[in-house]
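Working notes, structure below.
Given the structure is predicted, the values throughout are model-derived calculations rather than measurements. First the proteins, then the strands, lettered A, B, ... as listed; each starts at 1.
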2 protein chains.
Amino acid sequence: MNLNDSAIVGQLGAEARRRLSAAAEERNFRRGEALFHQGEPLKGLFILLAGRVKLSQVGPDGHETIMRLVAPGDAFAAVAAFSHARSYPVSALAMTDVTLAFWPRRTAQRLVSELPELAGLLTEEISRHAQVFQQRLREVSTERVSQRLARTLLRLAGQASRPHDAGTLIDFPLTRQDLAGLAGTTLFTVSRLLSAWSDRGILQVGRARVIIRSAPDLLMEAGGDDSPAS
Amino acid sequence: MNLNDSAIVGQLGAEARRRLSAAAEERNFRRGEALFHQGEPLKGLFILLAGRVKLSQVGPDGHETIMRLVAPGDAFAAVAAFSHARSYPVSALAMTDVTLAFWPRRTAQRLVSELPELAGLLTEEISRHAQVFQQRLREVSTERVSQRLARTLLRLAGQASRPHDAGTLIDFPLTRQDLAGLAGTTLFTVSRLLSAWSDRGILQVGRARVIIRSAPDLLMEAGGDDSPAS
DNA sequence: CGAATATTTGATAGCGTTCAAGGTACGTGG
DNA sequence: CCACGTACCTTGAACGCTATCAAATATTCG
């Protein structure tokens, strides 16, 4: 994927786009490598060009919570572009081999301050994520695991999916453990639920693979509409 | 409280401050009134001048999750100032009689686009809240209620507290139900925990009142340091 | 003082975690 | 291409944290 194909960059004017491109560095990581760790000082701003990246926080007890799955074209670590933040709140792990565009922190800050267009788009993005966090926070506080897992799958399908057989393949390599980290539960409970839904024909599951065969039934399991209110 | 005493406004230059003030409208609400409801179209941007406001989301089952408690000087509904968002993700309720500065959406958008200074500060604010949401999301996903409640109390003390007797009074009128909505549990569990901690001399509790007598012990209960990593 | 709101406490049940054990798929090197 | 090691997945059994429900008590305010 080219930098200009990114949703963020695509909305910029020609001049801003050129300045961004000129300042970008290309970075590569192998599957399993960490791009940065939570608590580490901010390095800079990324846009993912190819592969999949996982942003997560692990607690003192070792339990991992996945904050975001990054697909090509997405920007992340935008916090580095806005001034006073100190260190990364999450760790970033390459789920596959990845290639990224990278801007060191100072460069990113300069670009953001000189290109209000860019600043606006990044702010919208941060704001959108904040809303998703709020919704997930409500869900994990008040709903049961099956609902949360169902909605997690639907959300993933909405974000990155491909048609496959008689269903929709979720286009991330997600283990049961990963799904647990997204839904706020354990891999055991995830395994049980996926098996049950597979038996009922709602899903087709495999190793690090989920295919949704009946989105309506899943929505049922999630307990109705996705939006907090309509 | 005067608009210029707000943390956000205080950091602005004289010119920006003047333009903000000139465009501000004053609004008043009585205790118990809703400023807006989740799902409603965005009205505009607020800065709280006096009183206390609660931002929360309620699920279809009626369970409430409190996203933020607003103290005088804080801005909220900043999402209204940045373009494409559609509707409020939360409801805002006056916990006491309140007075606010208000900018209608169009005005707020214009101000933000013409005052990059203001845009930057609001973005930082949104970003900071997003990080808190991430942390709370991890906590509610992986920690037990007692830890979350302890950290909730510490967080509140850090945000708005007054010295009182031999302790720190949390300066919000919070019922057990409210604390439950913050920690992601039920009022019953909150009541039991507060009683236990009161017996142990860590807290002093009353109707809609909590005084922290031993912050270190509370920190113990929370399971150590607040930051995700250091 | 009375009504409304808030709180406490007990009893019960269940959802989901934890721990254990075995099975299955994958990829890598011989 | 096969064998092996590693990573991932499934299933069972038991426990316990926390929600739920019920009922009584306490506090505030008009």
Side-chain angles (χ1 to χ4, degrees), chain A residues 30-32 54 59 61-65 93-97 138-150 152 170 172-200 203-211 221 223, chain B residues 30-32 54 59 61-66 93-97 139-150 152 170 172-200 203-211 221 223:
Chain A
R30 309 291 297 274
R31 173 194 155 113
K54 167 168 96 171
D61 56 358
H63 279 191
E64 178 187 45
T65 300
L93 190 87
M95 304 181 77
T96 65
D97 293 353
R138 179 183 59 73
E139 288 170 9
V140 89
S141 297
T142 66
E143 297 181 346
R144 37 193 62 168
V145 173
S146 59
Q147 299 180 271
R148 288 158 20 210
L149 182 59
T152 297
I170 291 179
F172 283 98
L174 294 172
T175 66
R176 303 292 180 269
Q177 175 83 58
D178 288 328
L179 288 171
L182 280 165
T185 180
T186 63
L187 77 154
F188 306 102
T189 301
V190 169
S191 177
R192 280 180 237 276
L193 285 168
L194 293 192
S195 294
W197 288 338
S198 177
D199 290 348
R200 289 172 48 196
L203 302 178
Q204 179 181 323
V205 300
R207 184 188 169 104
R209 248 167 88 87
V210 175
I211 295 166
E221 290 294 327
Chain B
R30 310 291 297 273
R31 172 195 156 112
K54 167 168 96 171
D61 56 357
H63 280 197
E64 177 187 46
T65 300
I66 299 182
L93 191 87
M95 303 180 78
T96 66
D97 291 354
E139 288 170 10
V140 89
S141 297
T142 66
E143 295 180 347
R144 38 191 62 166
V145 173
S146 59
Q147 300 181 271
R148 277 140 48 191
L149 182 59
T152 296
I170 291 178
F172 283 98
L174 293 172
T175 65
R176 304 292 181 266
Q177 175 84 58
D178 287 329
L179 288 171
L182 279 166
T185 180
T186 63
L187 77 158
F188 306 102
T189 301
V190 169
S191 177
R192 280 181 235 275
L193 284 169
L194 292 192
S195 294
W197 288 338
S198 178
D199 290 347
R200 290 171 48 195
L203 302 178
Q204 180 181 321
V205 300
R207 185 188 167 104
R209 251 167 84 88
V210 175
I211 294 166
E221 291 294 328

Does [X] have any side chain to side chain contact (heavy atoms under 4.5 Å, CB included) partners at least two apart in sequence or in another chain, and if so, which?
X: Ser198(B); value: Val205(B)
X: Ser141(B); value: Thr65(A), Val140(A), Leu137(B)
X: Asp199(B); value: none
X: Arg209(B); value: His164(B), Leu169(B), Ile211(B)

*Check whether any side-chain N or O of Ser195(A) sits under 4.0 Å from OP1 or OP2 of dC9(D), and answer yes or no.*
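No, because none of the side-chain N or O atoms of Ser195(A) sits under 4.0 Å from OP1 or OP2 of dC9(D).
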*With respect to the phosphate group of dC9(D), does any side-chain polar atom (N or O) of Ser191(A) fall under 4.0 Å of OP1 or OP2?*
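Checking Ser191(A) against dC9(D): no side-chain N or O falls below 4.0 Å of OP1 or OP2.
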Between atom [atom1] in [X] and atom [atom2] in [N], what is the gap in whole Å?
X: Leu187(A); N: dT17(C); atom1: CG; atom2: C1'; value: 11 Å
X: Leu193(A); N: dT11(D); atom1: CG; atom2: P; value: 12 Å
X: Arg192(B); N: dT7(C); atom1: CZ; atom2: C1'; value: 12 Å
X: Leu194(A); N: dT11(D); atom1: CG; atom2: P; value: 11 Å
X: Asp97(B); N: dC29(D); atom1: CG; atom2: P; value: 13 Å
X: Leu203(A); N: dT10(D); atom1: CG; atom2: P; value: 11 Å
X: Phe188(B); N: dT25(D); atom1: CZ; atom2: P; value: 17 Å

For nucleotides 2-6 of chain C, tabulate all protein N/O to nucleotide N/O atom pairs closer than 3.5 Å, reporting atom names and distance.
unit_1: dT5(C); atom_1: O2; unit_2: Arg207(B); atom_2: NH1; d: 3.0
unit_1: dT5(C); atom_1: O2; unit_2: Arg207(B); atom_2: NH2; d: 3.1
unit_1: dA6(C); atom_1: O4'; unit_2: Arg207(B); atom_2: NH1; d: 3.1
unit_1: dA6(C); atom_1: O4'; unit_2: Arg207(B); atom_2: NH2; d: 3.2

*Going by heavy atoms in the side chains, are Thr175(A) and Leu187(A) under 4.5 Å from each other?*
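They are not in side-chain contact.
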*Do Val210(A) and Leu174(A) have side-chain heavy atoms sitting under 4.5 Å apart?*
no
With sequence neighbours left out, write down each residue that passes side-chain hydrogen bond (donor to acceptor under 3.5 Å, both in side chains) with [X], or none if nothing qualifies.
X: Arg200(A); value: Glu221(A)
X: Ser146(A); value: none
X: Thr186(A); value: Thr189(A)
X: Gln177(A); value: none

*Measure distances between side-chain N and O atoms of Arg209(B) and base N and O atoms of dT7(C), and say whether any donor-acceptor pair falls under 3.5 Å.*
no
*Give every residue pair that meets the salt bridge (Lys or Arg N to Asp or Glu O under 4.0 Å) criterion with at least one member in residues 177-194 of chain B, sequence neighbours excluded.*
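Found Lys54(B)-Asp178(B).
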*With DNA chain D as reference, determine whether Gln177(A) or Ser141(A) sits nearer its 5' end, using the nearest nucleotide of each.*
Gln177(A)
For nucleotides 15-18 of chain D, which of its nitrogen or oxygen atoms have a protein nitrogen or oxygen under 3.5 Å away, and what is each distance?
unit_1: dT18(D); atom_1: OP1; unit_2: Val145(B); atom_2: N; d: 2.9

_Bend angle of the helix from dC1(C)-dG30(D) to dG30(C)-dC1(D), from helix axes over five pairs at each end, nearest 10°_ =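 Roughly 50° between the end axes, to the nearest 10°.
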